[in-house]
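Report on the following structure.
Start at 1 and go down the list; that is how both ligands and their atoms are numbered. It should be emphasised that the depicted structure is a prediction, and the values quoted were computed from it without experimental measurement.
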Amino acid sequence: MKVVELRNVYKIYRTEYYEVRALDGVSMDVEEGEFVVIMGPSGSGKSTLLNLIGCLDKPTEGEVLINGVETSSLNDNRLTELRRDTIGFIFQTYNLIPTLTALENVELPMIFKGVGRREREERAKELLKNVGLEKEMNRKPNEMSGGQQQRVAIARALANNPKILLCDEPTGNLDTKSGEQVMEIIRHQNEVLGVTVILVTHDPSLAKYGDRVIRLRDGKIESVENVS
Ligand code: ADP
Ligand code: ADP
């Protein structure tokens with residue numbers, strides 16, 4: 001089953017003086033359970049592509065389908081629901097709420113979904129334990145290392161059992177060892193739990209995690225390589 005389909009997608013940013021074709025006619029499919037790595041130099045359109053797949057942004061032209069549903073046909077409420085129930089996001093800069101503890105950060109998506117207090121606290125603790133942060137649960141982001149913060153962000157992304165995990169340079173700010181821990185957690189989600197992973201990076205050393213490596217250049221797909 002295809003969980004993501006892009007059909008001839010364009011994203012054009014227009015300014016007073018010039019326009020940027022961040023995505024210039026991109027078509028691609030992602031099958032359920034796949035691990036896709038999207039590579040390409042800075043400015044090639046990787047973040048734009050991921051934001052469109054995550055319904056954080058809309059294409060200028062073309063179609064984005066998630067689980068077979070054309071997303072431009074959805075109203076804002078349905079889109080929010082789709083994002084909340086189907087998609088988990090991990091960013092280079094973690095994007096945790098600084099005033100909340102690790103536990104509270106992980107509970108947040110479950111609060112938005114209406115999960116009861118006891119159940120969400122239990123699940124948040126379990127998720128944090130699974131990423132090795134049992135002892136750090138009551139710390140705030142600025143009391144944790146980058147690697148720890150990213151693991152909190154992963155736990156948060158997994159809170160509502162997403163089918164698709166979108167990762168934007170998840171190891172970009174981490175040292176090698178912390179980066180490897182983060183990648184092993186992501187790999188586990190994919191291999192053991194069957195979560196579809198789409199990861200964008202300019203780091204060639206992450207290509208090995210993918211079933212498929214798609215290379216972008218100037219907003220176009222330059223090559224697709226199946227790794228087996
Ligand atoms: P990457 O993630 O590969 O670095 P991006 O998707 O961030 O690439 O950007 C692709 C191109 O689109 C770049 O030239 C970038 O400057 C431009 N761009 C991205 N977002 C905007 C925006 N909001 N307004 C104008 N240009 C943008
Ligand atoms: P990344 O490191 O993930 O590629 P960037 O640092 O390129 O992200 O961009 C961060 C934010 O700034 C994004 O929301 C992107 O859409 C926006 N952005 C990127 N390039 C431009 C630009 N030339 N003009 C306006 N906004 C931009």
Quiz item: Just going by heavy-atom distances, which of S42, G219, S47, A22 is nearest to atom 7 (O) of ligand 1?
Solution: S47
Quiz item: Relative to the heavy atoms of K46, which atoms of ligand 1 are at a distance of less than 4.0 Å?
Solution: 1 (P), 2 (O), 3 (O), 4 (O), 6 (O), 8 (O)
Quiz item: When you measure from the side chain of N51 to the backbone N and O of L56, does any donor-acceptor pair fall under 3.5 Å?
Solution: no
Quiz item: Of the listed options (L50, V20, T48, D218), which comes nearest to atom 5 (P) of ligand 1 when hydrogens are ignored and any heavy atom counts?
Solution: T48
Quiz item: Counting distance only, does the side-chain N/O of T60 pair as donor-acceptor with the main-chain N or O of I12 below 3.5 Å?
Solution: yes
Self-check item: Residue R217 excluded, over 12 heavy atoms near CZ under 6.0 Å
Solution: no
Quiz item: Any side-chain donor-acceptor pair under 3.5 Å between D203 and S205?
Solution: yes
Quiz item: Counting each atom of ligand 1 from 1 as listed, which ones have a heavy atom of P41 under 4.0 Å away?
Solution: 3 (O)
Quiz item: Taking N or O atoms only and a 3.5 Å limit, does G43 qualify as a polar contact for ligand 1?
Solution: yes
Exercise. Check for a donor-acceptor pair, side chain of E32 on one end and backbone N or O of V4 on the other, with a separation under 3.5 Å.
Key: no
